[in-house]
Enquirer: 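Take a look at the following structure, please.
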Amino acid sequence: MRSVYDSTQVRAAEARLKEFTAPGELMQRAAYGLANECLNELHSRRGGVYGARAALLVGPGGNGGDALYSGVWLLRRGIAVHALLVGVKSYPGAREAFVRAGGTVGAISDADAATAVSRADLVIDGIAGLGSSRSVELPDSVAEAIATTDALVCAVDLPSGVNGDTGQAYDGAIHADMTATFGAWKPAQVLAPARRLCGDVRFVDIGLGPHLTDPRIDVLDYADIAAIWPGPSYDSHKYSTGVVGVIAGSAQYPGAAVMCVGGAIRSKPGMVRYVGAPDAIERIVAAWPAAVGATSIDDAGRTNAWVIGPGMGTDDAARSVVRSSLSLDVPVIYDADALTILSGDVDRLRERQAPTVLTPHSGEFARLFGEVGDDPVESVKAATRRTGCVVLLKGPSTIVAAPGGRVLVNETGSSKLATAGTGDVLSGIIGAALAAGLPAQIAAAAGAYVHGALADQHDGPLIAPDLIDELPAFMARLQA
Ligand SMILES: NC(=O)C1=CN([C@@H]2O[C@H](COP(=O)(O)OP(=O)(O)OC[C@H]3O[C@@H](n4cnc5c(N)ncnc54)[C@H](O)[C@@H]3O)[C@@H](O)[C@H]2O)[C@@H](O)CC1
């Protein structure tokens with residue numbers, strides 16, 4: 001598990017750590033770590049560092065200070081380093097130390113600033129880090145040189161022009177190949193769209209660890225999923241490993257039911273019960289002979305969790321099923337059409353006594369709760385407060401929040417998943433995890449992890465059934 005801290009938490013931890021360290025010590029640790037990461041990467045790219053050129057983009061704050069002090073270390077390794085000041089001020093003492101070590105200094109507005117960037121093997125972006133909250137305005141020629149260079153572009157703590165806490169990217173944000181993060185992972189390093197601008201994030205330990213508490217976000221990794229994903233025990237039987245009920249599909253979207261049941265059944269619950277019209281049951285059993293059919297929830301028999309919504313339509317019959325499902329006393333995941341049906345009636349979700357998971361994409365989220373906005377984590381948290389449900393917002397970074405709980409962000413998957421039917425598979429996987437007894441937020445986040453990992457491991461173009469085909473091998477590895 002990777003814990004992620006926002007700027008207020010990082011600054012508070014820094015303030016506490018500073019009580020035990022000499023003045024300037026933390027910046028020296030950061031600058032040394034930054035220089036090391038750059039030197040290692042430069043070495044692997046060029047086979048050596050001596051004789052290389054570096055350009056530093058230096059803002060007025062601590063971020064620029066880190067860049068200048070890292071320049072001192074680069075100079076000591078025989079790299080020619082030129083600093084370009086963005087603005088008139090620079091961090092007290094840093095510029096002088098840099099010049100003493102042999103560095104040269106110019107302004108970002110200098111006529112040869114773009115040339116200095118284009119000739120560099122390494123560009124260090126120290127315009128702004130934790131204090132970055134607006135667009136980056138550089139001369140066009142410099143912006144163009146940064147955007148087109150083959151040099152290693154390394155961001156100091158965070159790329160300039162991204163909001164470290166929300167993941168928002170402002171105009172002109174720097175696109176780095178690598179980011180050296182100091183002391184903690186920051187939200188922008190795991191949230192879209194900023195995550196992509198960070199490149200490869202390298203953690204530089206400056207000793208903040210003991211002073212950081214109560215992370216804003218956690219990111220689950222493979223080891224977490226392997227530890228929590230339920231597997232059968234020696235005395236398992238089909239009822240002990242969980243029974244999933246699925247209400248999905250319609251005459252218009254029959255495939256949604258096949259995808260959803262497939263996602264559930266291949267995640268290995270004890271049993272999957274499909275509820276639908278007789279012809280739909282026939283189709284499902286033809287595709288998945290191990291599934292069991294029933295024509296109503298009442299006739300379905302014992303079930304540990306329900307998946308309701310994929311492709312079910314929004315007609316009166318579907319509305320009535322969704323309304324009556326609110327009183328089910330087992331966990332329910334509402335997806336797709338069920339979310340559209342609930343969008344006129346969001347506050348009724350508070351009636352639910354058992355755990356409930358909502359899995360909207362941004363359009364469905366907007367219908368339910370209003371537009372996601374610039375701070376998606378806060379939007380999702382507000383939705384959980386309003387409904388009392390676990391809310392999983394699908395997107396380039398999937399966010400899963402629970403009432404009163406910590407926010408989880410999923411990093412697996414990619415735009416490969418932007419194809420019809422993949423969401424139906426996801427809800428089936430989450431349904432299986434819920435039926436097996438995982439807590440709702442963990443089930444949702446673990447399901448998103450598995451779903452994304454299936455896409456990641458699939459070679460070539462992906463369609464939704466490929467995810468189901470990848471499931472047995474993935475599950476076998478996970479439970480080995
Ligand atoms: N506080 C500490 O103890 C440590 C801080 N460190 C560094 O200090 C940084 C935070 O320093 P600061 O609080 O001074 O904040 P920053 O240096 O991130 O940014 C603040 C300054 O940059 C300007 N700025 C913001 N966006 C800009 C833009 N787009 N274009 C031009 N100027 C812009 C602001 O007006 C302000 O003057 C961290 O990200 C990290 O790099 C590290 O040295 C580790 C220790």
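In listed order, ligands and their atoms are each counted from 1. By convention here, the first residue in the shown sequence is residue 1.
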Enquirer: Could you identify the single nearest non-hydrogen protein atom to atom 30 (N) of ligand 1 and state the distance to 0.1 Å?
Expert: Ile127 CG2, 3.7 Å

Enquirer: Charged N to carboxylate O below 4.0 Å: is that the case for Glu378 and Lys381?
Expert: yes

Enquirer: Heavy atom of Gly59 under 4.0 Å from ligand 1?
Expert: no

Enquirer: In terms of atom number and element, which parts of ligand 1 are under 4.0 angstrom from non-hydrogen atoms of Val136?
Expert: 29 (N)

Enquirer: Give me the nearest non-hydrogen protein atom to atom 35 (O) of ligand 1 as residue plus atom name, then the distance to 0.1 Å.
Expert: Arg134 NH2, 2.9 Å

Enquirer: Distance under 4.0 Å to a non-hydrogen atom of Asp157: what atoms of ligand 1 satisfy this?
Expert: 38 (C), 39 (O), 40 (C), 41 (O)

Enquirer: Of the listed options (Gly62, Ala13, Ser70, Ser133), which comes nearest to atom 8 (O) of ligand 1 when hydrogens are ignored and any heavy atom counts?
Expert: Gly62

Enquirer: Using a 4.0 Å cut-off to any heavy atom of Met27, which atoms of ligand 1 qualify?
Expert: 43 (O)

Enquirer: Does the pair Asp112/Arg119 count as a salt bridge with the N-to-O cut at 4.0 Å?
Expert: no

Enquirer: Less than 4.0 angstrom from a charged side-chain N to a carboxylate O is my criterion; do Asp165 and Arg216 meet it?
Expert: no

Enquirer: At less than 4.0 angstrom from any non-hydrogen atom of Arg11, what atoms of ligand 1 do you find?
Expert: 13 (O)

Enquirer: Of the non-hydrogen atoms in Met1 and Asp221, which two are nearest, and what is the gap between them?
Expert: N-OD2, 3.1 Å

Enquirer: Considering only the protein, which heavy-atom contact is closest to atom 5 (C) of ligand 1, and what is its distance?
Expert: Glu14 OE2, 3.7 Å

Enquirer: Determine whether the side chain, the backbone, both or neither of Asp66 has a heavy atom under 4.0 Å from any heavy atom of ligand 1.
Expert: side chain

Enquirer: Do Arg29 and Asp205 meet the salt-bridge criterion of a basic N to acidic O distance under 4.0 Å?
Expert: no

Enquirer: Taking only heavy atoms of Gly61, which atoms of ligand 1 are found under 4.0 Å from at least one of them?
Expert: 14 (O), 17 (O)

Enquirer: Could you tell me how the ring of Tyr222 sits relative to the ring of Tyr449: parallel (under 30°), tilted (30 to 60°) or perpendicular (over 60°)?
Expert: tilted

Enquirer: Check each atom of ligand 1 against the heavy atoms of Ala128 and keep those under 4.0 Å away; list them by number with element.
Expert: 18 (O), 19 (O), 24 (N), 25 (C), 26 (N), 27 (C)

Enquirer: Tell me whether Lys18 reaches ligand 1 (any heavy atom closer than 4.0 angstrom to a ligand atom).
Expert: yes

Enquirer: In terms of side-chain geometry, is the basic nitrogen of Lys18 or Glu14 positioned less than 4.0 Å from the acidic oxygen of its partner?
Expert: no

Enquirer: Heavy atom of Arg29 under 4.0 Å from ligand 1?
Expert: no

Enquirer: Which is closest to atom 29 (N) of ligand 1 by heavy-atom distance: Gly65, Ser160, Ser135, Pro60?
Expert: Ser135

Enquirer: Measuring from atom 20 (C) of ligand 1, which candidate in Gly172, Gly131, Gly183, Gly161 has the nearest non-hydrogen atom?
Expert: Gly131

Enquirer: Do any heavy atoms of Ala31 fall under 4.0 Å from ligand 1?
Expert: no

Enquirer: Pick whichever of Val58, Leu130, Val162, Leu208 has a heavy atom sitting closest to atom 10 (C) of ligand 1.
Expert: Leu130

